[in-house]
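Each remark here refers to the structure printed beneath this line.
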Amino acid sequence: MSTLTLERNFFPLQNFGHSLTAPAYVFKPRCAEEICEAFELAGKTGLTVAARGAGRSYNDASLNGGGIVLDLSGMNRIINWDPVTGRVAAEPGVTLEQLWQRVEPEGWWPPVVSGTMFTTLGGCLAANIHGKNNFRMGPIGEHVIEFTAILPTGAEVTCSPNKNADLFYAMISGLGMLGIFTSITMQMKRIESGLLEVHAWPVHNLHEHLAFLFDKAPDFDYTVGWMDTMTGGKSLGRGQIHAANYLHGDEDPDPQKTMKLENQILPPRIFGVFPKSILYIFMKPFANNLGWSAVNTAKYVASLRAHTFRQSHAAFHFLLDYVPNWELSYGRGGLIQYQSFLPKETAEEAWRGMLNISLKRGMPSYLGVTKRHRPDQFLMTHALDGFSLALDFKVTNGNRAKLSAMLQEFDKVVLGAGGRFYFAKNSETRPETAMRFLGEETIAKFRKLKKRCDPNGILESDLYRRVFGNP
Amino acid sequence: MPAKKSSFPSASPLHPKLRGIIIGASGGIGTALSHRLARAGYTLALVDRNEQALGPLCGEINKGYEETRALPYVSNVTDYDTVPDALRHIVADLGGLDLLVYVAGVIYFPAIDEYNFDEDLKMVEVNLLGAMAWMNQAASLFQSMKCGQIVGVSSVAGDRGRVGNPGYNTSKAGFTAYLEGLRNRLTRHGVNVITIKPGMVKTEMLDLPNAPRAVFAVSPEKAAEGIWNAIRKRKQQVYISGVWFWIMLVLRNIPSFIFRRMNI
């Protein structure tokens, strides 16, 4: 007998960029049975259900305006951890923070992590996230040994690359639209030190930028580029490349010490005094073209010296967590991210065009991040043999229409160059665009699986309705 | 509730939506207000029992925009039991809710010596109980969301019980008091409640038998403009035309021993 009621559970939820609000009936299940209760309630009330983890997606992936949202952050137990084999079984609400803090002191590290540690495993699988090692390790889904999920029909399925393989490759990357993960078993990666050896080089233009990402990839475990997206002309695409390697054998004289948790945790204060949690307030005055232009230039100048240093895993990976609540510095309108994935052959020309458009129209991105990628076999994959560029844009009441028009042009450029998009990031992708880069066959396959797993169409998010419409 | 024929466009950060429900949308003020709010950028669920009028109204509104701005929901406000389901479906279709406007209302003009309970009952049901059925549900949603606006189109007739139409006065006085109560409950939760007192508006009401002569009557469009301004400025109590504020100020303050001998 269901004990859930809709009353008094209607809350306004937002995307991570605080640029979109969608109120929903929010429930926080603690176990699989409670997920089933929510499905039952949805069936009775005619509402739809979406899953939400940490709410870290830049778009509407975990929003369901007027419907039910299952906040899975309460299902956050690490069910089993075996430090001998490096296998971990966890509930979907376990965050990467919980995970790495559990496995790192014993010499393991999650094989794929996002730029923030606050994402949940369920969300990571639903979007099939990638890290700075995508060209080497693929997306997170490639390290999942097995998962169980509850389908809207109430059935429980267990999937692995060998068992229910079609569902395995579709539910990972399936945006939570086929079922809801209840337990995830993953393989961690062995590390021999708590530190990474990090190399930093300046790159002076877009060509050099991409050439560096391409050339350095074979020699490094991780690469990532920062791009000054506010400078045009000859310096268009300038920035800095960071590449890192694991330390092996005796490269780290005292791995026991460096792997200790206290050597990994990001300090909450700057210089030991200034609390980072309020830093974003001081960033607010810079959240305009002039301010960010100065910040980008200063960062570029500071990066001109090529250097090598050692850094903890957490410090290298979770750049986005250096300034807590940084997304609030973008003000009331919030921000959106536009990430495009382009084949290595066409990337340079396409991005040159896009960056020039954004500069010409006076709407430059304030932050650009580049990565190297390789394709994977998941159904709704965003990856390809090439590069990605993630651009952050500030949203204001005055610029929405102009920004929207510009992003539509970007879409055309990217599609024309054979590019792809990432459903955890872009908030304006239209059905026609998705059809073009995913292909008719993929979408038909997805719809077929959707019909099989969710015959009554109970699982729906704002993202699903936006991109896949009402079939 | 009819089956969903088409759907509202999805919201996104660069295409955010303002979402509203208008109950009683096919009447004079309701129609004008639907047009006005659509023009102000709202995506609207139009509720009325009059299916014949609702469809064309939506069509006419949507004609002016590239995307769907209004969809019809046929429902009778006196079917109180259906309101929770109806509101839930509408909010799910809209993807949220920012505004609920109750414009539905009926009036009968009894003769000076006529006491007609059936007509009084209808007026109380449509003007007051239907409003409470819808607004209670909406208030609960808005209270937990900590935002939103509720607008009730009451009447200057609720300011005083008068010889001409005790039943109508009662329904509107009750509505005004209910709105004030909601306002006092919800303001602390960030929800704004507006009482609109339109005075006379040139609608079909004034063509009814025994209807009084139109005094300072405004067009429905003017009334809609006034309501939109009240919403935009988050007002609390609004007389559509200023003259009614002064008239009612005087009327409210006429002592009973004089007022009961008067014919207004």
Side-chain angles (χ1 to χ4, degrees), chain A residues 6-15 17-26 42 44-48 58-60 63-68 333-338 393 395 397 399-408 426-431 460-467 469-470, chain B residues 1-21 40-41 43 45 65-68 71 73 82-100 136-149 185-186 189-191 232:
Chain A
L6 296 176
E7 289 211 329
R8 280 187 250 280
N9 286 313
F10 201 65
F11 300 111
L13 296 176
Q14 286 193 319
N15 62 342
H18 300 289
S19 47
L20 185 64
T21 305
Y25 303 95
V26 182
K44 255 187 277 173
T45 54
L47 293 175
T48 57
Y58 286 80
N59 63 17
D60 42 7
L63 300 179
N64 185 16
I68 296 172
L335 82 148
I336 55 165
Q337 190 169 89
Y338 185 93
F393 292 98
V395 179
N397 278 333
N399 81 353
R400 283 200 183 92
K402 283 192 292 179
L403 197 49
S404 168
M406 185 169 86
L407 296 192
Q408 281 176 38
N426 293 28
S427 59
E428 309 295 318
T429 307
R430 296 164 164 216
E460 266 191 21
S461 61
D462 281 347
L463 167 68
Y464 179 79
R465 281 188 291 269
R466 171 168 59 82
V467 179
N470 297 312
Chain B
M1 281 293 113
K4 208 161 51 170
K5 286 186 206 94
S6 55
S7 57
F8 293 110
S10 340
S12 70
L14 299 185
H15 300 94
K17 297 274 176 276
L18 284 166
R19 297 121 165 167
I21 300 178
T43 300
Y65 307 94
E66 281 175 11
E67 55 182 26
T68 306
L71 284 180
Y73 293 84
T82 64
V83 171
D85 269 352
L87 184 70
R88 203 169 53 235
H89 280 129
I90 291 174
V91 173
D93 287 354
L94 284 169
L97 191 63
D98 302 291
L99 172 72
L100 178 131
N136 273 351
Q137 293 295 321
S140 157
L141 289 187
F142 284 141
Q143 181 169 339
S144 55
M145 279 161 66
K146 305 221 173 289
C147 61
Q149 292 202 76
R185 262 196 179 198
L186 294 176
H189 296 289
V191 183
R232 194 165 52 86

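Just so we're on the same page: letters track the sequence lines, and every chain starts at 1.
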Shortest non-hydrogen separation from B:A11 to A:D60 and the atoms involved: O-OD2, 4.1 Å
Heavy-atom pair count under 4.5 Å with chain A, highest-scoring of B:Q137, B:R19, B:K146, B:H15: B:H15
Among the listed options B:S10, B:P9, B:S140, the residue most often paired with chain A at heavy-atom distances under 4.5 Å: B:S10
Shortest non-hydrogen contact between B:S144 and A:F11, atoms and distance: O-CD2, 3.7 Å
Euclidean distance, A:E7 CD relative to B:L141 CG, rounded to 0.5 Å: 9.5 Å
OG-CG distance between B:S12 and A:N15, expressed to the nearest 0.5 angstrom: 10.0 Å
Contacting moiety of A:T48, where chain B heavy atoms sit under 4.5 Å: neither
Non-hydrogen side-chain atoms of A:R400 and B:P16 separated by less than 4.5 Å: yes
Atom group of A:L63 that falls short of 4.5 Å from chain B, counting heavy atoms: neither
Interface moiety of A:L403 toward chain B, non-hydrogen atoms closer than 4.5 Å: both
For the student: nearest non-hydrogen atoms of A:T45 and B:H89, plus distance: O-NE2, 3.7 Å
Heavy-atom pair of closest approach, residues B:A92 and A:L47: CB-CD2, 3.8 Å
Structural part of A:F393 lying under 4.5 Å from a heavy atom of chain B: neither
CD (B:E66) with more than 12 external heavy atoms under 6.0 Å: no
CG on B:L14 to CG on A:L407, rounded to 0.5 Å: 6.0 Å
Over 12 foreign heavy atoms within 6.0 Å of CZ, A:R430: no
